[in-house]
Chemist: 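Here you go, one structure.
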Amino acid sequence: MRIGITGHRGLPSDVADQVRASLIAQIEALDTTDLIAISCIADGPDAWWAQLAVDAGAKLEVVIPATEYREGLPDWYHPEYDQLLSRASDIHRTGLTKSTSEAHQAGSEILVGLSDHLLAVWDGKPARGYGGTADVVGYARQVGVPVTVIWPDGASR
């Protein structure tokens, strides 16, 4: 089973804790010997899913939306990003250089194309900018990839 993830970054700590617990429950329900987790490994749910998967013995495939993608992530997160990238069994690239909304959407479309199922840490609201979580969910639904939305009841970002 190939399971990709998309999700909001910068979640409040109480929401983040609930999302992590939900992702742990997802991992625990799977046979991780056959699992391939697919992620762009941004800080937040992307990284949490990737780390949980590799810790449980699954393979990790990483999608890099742009050559400059890492530089657009918070400096404090770079060591974790590098560590997760080093654990990847395969790396997919868009071929784009600038880390723009268009590059993020292109990366997400590759991620969805590689996935049998998509986990979406999504509040159900429209994207705040092109390439946001809502756009990725919409694309997955358009191309027929099943989506499981993970969002704590009553939570907001």
Side-chain angles (χ1 to χ4, degrees), residues 1-66 69 72-74 77 80-81 84-85 87-90 92 94 99-157:
M1 172 70 80
R2 299 172 61 82
I3 302 178
I5 189 159
T6 186
H8 302 309
R9 298 169 53 207
L11 298 174
S13 61
D14 60 324
V15 175
D17 291 344
Q18 293 175 72
V19 167
R20 277 192 205 98
S22 293
L23 292 175
I24 289 168
Q26 291 285 330
I27 284 286
E28 289 175 346
L30 296 168
D31 177 1
T32 56
T33 59
D34 293 327
L35 174 64
I36 298 172
I38 306 164
S39 176
C40 292
I41 62 172
D43 53 302
D46 287 15
W48 303 335
W49 175 247
Q51 191 65 60
L52 287 167
V54 296
D55 287 350
K59 289 184 179 177
L60 172 64
E61 291 188 15
V62 172
V63 177
I64 300 177
Y69 180 67
L73 299 171
Y77 174 67
E80 185 176 347
Y81 178 90
L84 286 169
L85 189 60
R87 306 273 312 264
S89 62
D90 204 355
H92 308 272
T94 64
S99 191
T100 62
S101 296
E102 291 77 18
H104 297 172
Q105 182 66 23
S108 293
E109 289 179 9
I110 290 171
L111 182 144
V112 168
L114 294 166
S115 300
D116 299 318
H117 195 97
L118 180 70
L119 299 177
V121 178
W122 179 43
D123 62 5
K125 296 180 181 175
R128 293 180 177 172
Y130 181 66
T133 303
D135 293 332
V136 181
V137 169
Y139 178 77
R141 289 177 172 163
Q142 177 186 342
V143 299
V145 173
V147 177
T148 297
V149 175
I150 297 171
W151 193 253
D153 289 338
S156 60
R157 13 180 218 146

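Atoms considered below: every heavy atom in the structure, side chains included; atoms not considered: hydrogens, waters and symmetry mates.
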Chemist: Do any N or O atoms from the side chain of R2 and from the backbone of L114 form a donor-acceptor pair under 3.5 angstrom?
Modeler: yes
Chemist: At their closest point, which heavy atom of P12 faces which heavy atom of S156, and how far apart are they?
Modeler: CG-O, 3.6 Å
Chemist: Could you check T6 against V112 for side chain to side chain contact (heavy atoms under 4.5 Å, CB included), going step by step and ending with a plain yes or no?
Modeler: CA-CA 9 Å; T6 186; V112 168; over 6 Å; no
Chemist: Between H92 and I38, is any pair of side-chain heavy atoms under 4.5 Å apart?
Modeler: no
Chemist: Could you give me the CA-CA distance, side-chain angles and deciding distance for H8 and V19, then say whether side chain to side chain contact (heavy atoms under 4.5 Å, CB included) is met?
Modeler: CA-CA 11 Å; H8 302 309; V19 167; over 6 Å; no
Chemist: For the atom pair CD1 (I41) and CG (D43), what is the distance rounded to the nearest 0.5 Å?
Modeler: 10.5 Å
Chemist: Which heavy atom of A47 sits nearest to which heavy atom of S39, and what is that distance?
Modeler: N-OG, 4.5 Å
Chemist: A side-chain contact here means heavy atoms from C-beta on lying under 4.5 Å apart; do L84 and V62 qualify?
Modeler: no
Chemist: Looking at side-chain heavy atoms only, is the closest gap between S22 and V121 below 4.5 Å?
Modeler: no
Chemist: Is the shortest side-chain heavy-atom distance between Y81 and D46 below 4.5 Å?
Modeler: no
Chemist: Please walk me through it: do L23 and Q51 pass side chain to side chain contact (heavy atoms under 4.5 Å, CB included)?
Modeler: CA-CA 11 Å; L23 292 175; Q51 191 65 60; over 6 Å; no
Chemist: Whether the side chain of W122 engages the backbone of K125 through a donor-acceptor N/O pair (distance < 3.5 Å, no angle test) should be reported.
Modeler: yes
Chemist: Please report the shortest heavy-atom distance between A16 and W48, naming the atom on each side.
Modeler: CB-CH2, 3.5 Å
Chemist: Do the side chains of V15 and R157 get nearer than 4.5 Å, heavy atoms only?
Modeler: no
Chemist: Can you find a heavy atom in the side chain of W49 that is under 4.5 Å from one in the side chain of I27?
Modeler: yes
Chemist: Within the structure provided, determine whether V136 and L111 are in side-chain contact (heavy-atom separation under 4.5 Å).
Modeler: no
Chemist: Where the side chain of S115 meets the backbone of I3, is there a donor-acceptor pair that is under 3.5 Å apart?
Modeler: no
Chemist: Rounded to the nearest 0.5 Å, what separation is found between the CG atom of L52 and the CG atom of L30?
Modeler: 11.0 Å
Chemist: For A56 and T32, work out which heavy atoms get closest and say how close.
Modeler: O-OG1, 2.8 Å
Chemist: With rounding to the nearest 0.5 angstrom, report the CZ to OG distance, R20 to S13.
Modeler: 9.0 Å
Chemist: For T94 and A66, which heavy atoms make the closest approach, and how far apart are they?
Modeler: OG1-N, 4.1 Å
Chemist: Could you pull out the closest heavy-atom pair between T133 and G7, with the gap in Å?
Modeler: OG1-C, 3.3 Å
Chemist: If I take atom CG from residue D123 and atom CD1 from residue I150, how far apart are they, to the nearest 0.5 angstrom?
Modeler: 13.5 Å
Chemist: Give the C-alpha distance, both sets of side-chain angles, the deciding distance and a yes or no for ring-ring contact (aromatic ring centres under 6.0 Å, His included) between H104 and Y69.
Modeler: CA-CA 9 Å; H104 297 172; Y69 180 67; 5.7 Å; yes
Chemist: Would you give the length of the straight line joining atom CD of E61 to atom CD1 of I110, rounded to the nearest 0.5 angstrom?
Modeler: 12.0 Å
Chemist: What pairs meet the side-chain hydrogen bond (donor to acceptor under 3.5 Å, both in side chains) rule with one or both residues in residues 142-151, with sequence neighbours excluded?
Modeler: H117-T148
